[in-house]
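This structure is a prediction, so every number in the text was calculated from the model and none was measured. Lettering of chains follows the sequences in order, A, B, ..., and the numbering in each one begins at 1.
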2 protein chains.
Amino acid sequence: MEPDRLFAALAHPLRLRMLLLLLAEGELCVCELTHAMGAAQPMVSRHLAQMREVGLVQDRRAGLWIHYRLHPDLPQWARDALAAVADGLGRSEPHRSDRAALATMGNRPEGRAACCS
Amino acid sequence: MEPDRLFAALAHPLRLRMLLLLLAEGELCVCELTHAMGAAQPMVSRHLAQMREVGLVQDRRAGLWIHYRLHPDLPQWARDALAAVADGLGRSEPHRSDRAALATMGNRPEGRAACCS
DNA sequence: CCAGAATATCCTGCTGACCGCATATAACGA
DNA sequence: TCGTTATATGCGGTCAGCAGGATATTCTGG
């Protein structure tokens with residue numbers, strides 16, 4: 001994990017929001033992230049791909065849905081840095097609203113059951 | 001301090017190297033950083049200016065020399081994140097060599113006495 | 001006032017990031 | 001096989017970041 005790439009990945013509002021949301025929620029599919037961000041799906045998908053290529057996040061296919069989570073092999077210093085950021089910014093905007101928007105979302109795919117909208 | 005700007009500032013090898021060196025050494029003038037980086041002075045200066053505009057570092061004029069240090073008003077979460085990075089990367093390249101290069105530099109301006117090169 | 005050292009800024013070209021839109025792929029159910 | 005849902009990718013235009021080189025600014029000492 002080259003640090004330059006990691007910080008470049010964090011240097012975008014949407015990516016930082018998604019990453020902090022993943023850090024707080026554990027694992028989310030693209031439709032959940034799209035809903036929480038209030039952004040267009042292709043944009044969410046492309047920014048997720050960017051973070052995946054850098055090794056920040058990992059994807060897992062489960063039927064129609066693709067779940068993203070923090071990459072398990074992320075070095076400890078990166079996890080510590082992210083934890084510091086989440087601790088400092090998680091309670092403020094826009095991250096608080098992001099979690100709220102996610103909570104009010106209906107028909108979320110839980111695990112692998114239930115259907116989506 | 002907007003996080004995007006902070007991470008964008010860290011998303012460049014030269015800036016990250018300079019910042020970690022400042023974090024380790026406390027305060028350095030431009031000529032010391034230029035020597036340690038082995039880069040052209042205008043480039044060092046411009047990247048320092050970029051970090052200054054974002055609020056990452058602060059400059060202090062002392063005669064001919066301008067000393068840079070980590071900005072005192074940096075929020076705690078940013079300091080924690082930087083500490084995690086420094087702790088994880090400080091012992092490896094290129095940051096180890098940077099400190100070594102700085103140590104072998106002659107005629108460093110100490111405090112405000114002594115002349116430079 | 002003049003020379004020189006340390007630092008900052010201007011200019012130009014270039015590459016890469018970003019966006020919006022449209023479309024392609026993959027999986028599931030009937 | 002067909003339609004539908006979820007996700008990814010290709011394309012074109014625009015804009016910001018970056019490098020190099022030259023030059024300007026600021027301070028010091030004489």
Side-chain angles (χ1 to χ4, degrees), chain A residues 2 4-18 27-54 57-69 105-117, chain B residues 2 4-18 27-54 57-69 105-117:
Chain A
E2 298 103 15
D4 320 336
R5 298 280 182 182
L6 173 106
F7 292 125
L10 299 178
H12 191 286
L14 191 64
R15 288 195 296 263
L16 182 63
R17 287 169 60 198
M18 293 198 291
E27 197 181 55
L28 295 171
C29 74
V30 179
C31 63
E32 289 171 316
L33 286 164
T34 301
H35 179 96
M37 296 298 108
Q41 176 269 325
M43 177 159 322
V44 169
S45 188
R46 184 175 295 123
H47 283 293
L48 281 171
Q50 211 166 325
M51 291 197 284
R52 176 174 13 103
E53 286 159 13
V54 172
V57 297
Q58 194 185 47
D59 61 337
R60 171 180 73 91
R61 175 137 232 162
L64 270 182
W65 299 277
I66 299 186
H67 297 267
Y68 281 84
R69 79 189 104 181
M105 175 183 177
N107 287 337
R108 296 173 58 186
E110 309 188 4
R112 52 192 298 88
C115 184
C116 203
S117 129
Chain B
E2 298 104 16
D4 320 337
R5 298 280 182 181
L6 174 107
F7 293 125
L10 299 177
H12 189 287
L14 190 64
R15 287 195 296 262
L16 183 63
R17 286 169 61 198
M18 292 198 293
E27 196 181 55
L28 295 171
C29 75
V30 180
C31 64
E32 289 171 317
L33 286 164
T34 301
H35 179 97
M37 295 300 108
Q41 177 268 326
M43 177 158 324
V44 169
S45 189
R46 195 180 13 240
H47 284 293
L48 282 171
Q50 213 166 325
M51 291 197 283
R52 178 177 8 107
E53 287 159 11
V54 172
V57 299
Q58 194 185 46
D59 60 339
R60 172 180 72 90
R61 175 138 232 160
L64 269 182
W65 299 278
I66 299 186
H67 298 266
Y68 281 85
R69 78 188 105 181
M105 173 183 178
N107 286 337
R108 294 174 59 186
E110 309 188 6
R112 51 189 300 90
C115 184
C116 202
S117 127

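- Contacts between residues 33-45 of chain A and DNA chain C, counted as heavy-atom distances below 4.0 Å, involve A/P42, A/M43.
- For A/L16 against A/L10, the heavy-atom pair with the smallest separation is CB-O, 3.9 Å.
- Taking every heavy atom of both residues into account, A/A40 and A/T34 meet most closely at C-CG2, 4.4 Å.
- Although no hydrogens or angles enter the test, the distance criterion places a donor-acceptor pair under 3.5 Å between the side chain of B/R15 and the main chain of B/A8.
- In this structure, the separation between CD on B/Q58 and OH on B/Y68 is 11.0 Å, given to the nearest 0.5 Å.
- Interatomic distance, SG of B/C31 versus NE2 of B/H67, reported as 8.0 Å (0.5 Å rounding).
- Rounded to an integer number of Å, the gap from CG of B/L14 to P of D/dC18 is 10 Å.
- Scanning all heavy atoms of the two residues, the minimum distance from B/M105 to B/E32 falls at SD-CA, 3.8 Å.
- Considering only side-chain atoms of B/R46, the nucleotide from C/dT9, D/dA8, C/dC19 that sits closest is C/dT9.
- Residue A/L33 comes nearest to A/V44 through the heavy atom pair CB-CG1, 4.2 Å, listed as atom of the first residue, atom of the second, then distance.
- Separating the CD atom of B/E53 from the C1' atom of C/dT9 is a distance of 11 Å, rounded to the nearest angstrom.
- Residue A/D59 contributes atom CG, which lies 10 Å from atom P of D/dT9 at whole-angstrom precision.
- In this structure, CZ of B/R61 is placed 16 Å from P of C/dA5, rounded to the nearest angstrom.
- Among the atoms of the strands shown, only primed sugar atoms or phosphate atoms (P, OP1, OP2) are found under 4.0 Å from some heavy atom of A/I66.
- Classified by interplanar angle (parallel below 30°, tilted 30° to 60°, perpendicular above 60°), the ring pair A/H12/A/H47 is tilted.
- For the pair B/Y68 and C/dA6, the criterion of a side-chain N or O lying under 4.0 Å from OP1 or OP2 is not met.
- One atom, NE2 of B/H67, and another, P of D/dC27, lie 14 Å apart when rounded to the nearest Å.
- Spacing between atom CE of A/M51 and atom P of D/dA8 amounts to 11 Å, rounded to whole angstrom units.
- Side-chain proximity of B/L64 to the nucleotides C/dA26, D/dT9, C/dA5 is greatest for C/dA5.
- Straight-line distance from the CG atom of B/L48 to the P atom of C/dA8: 7 Å, rounded to whole Å.
- Using a 4.0 Å cut-off, some side-chain N or O of A/H47 falls inside it from OP1 or OP2 of C/dC19.
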### Query
Can you give one letter per nucleotide of nucleotides 12-17 of chain D, 5' to 3': B if a protein heavy atom sits under 4.0 Å from the base, S if only from the sugar-phosphate, - if neither?
------

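- B/H35 is linked by a ring-ring contact (aromatic ring centres under 6.0 Å, His included) to nothing, counting only residues two or more places apart in sequence or in another chain.
- Atoms CZ (B/R60) and P (D/dC27) sit 15 Å apart, rounded to a whole Å.
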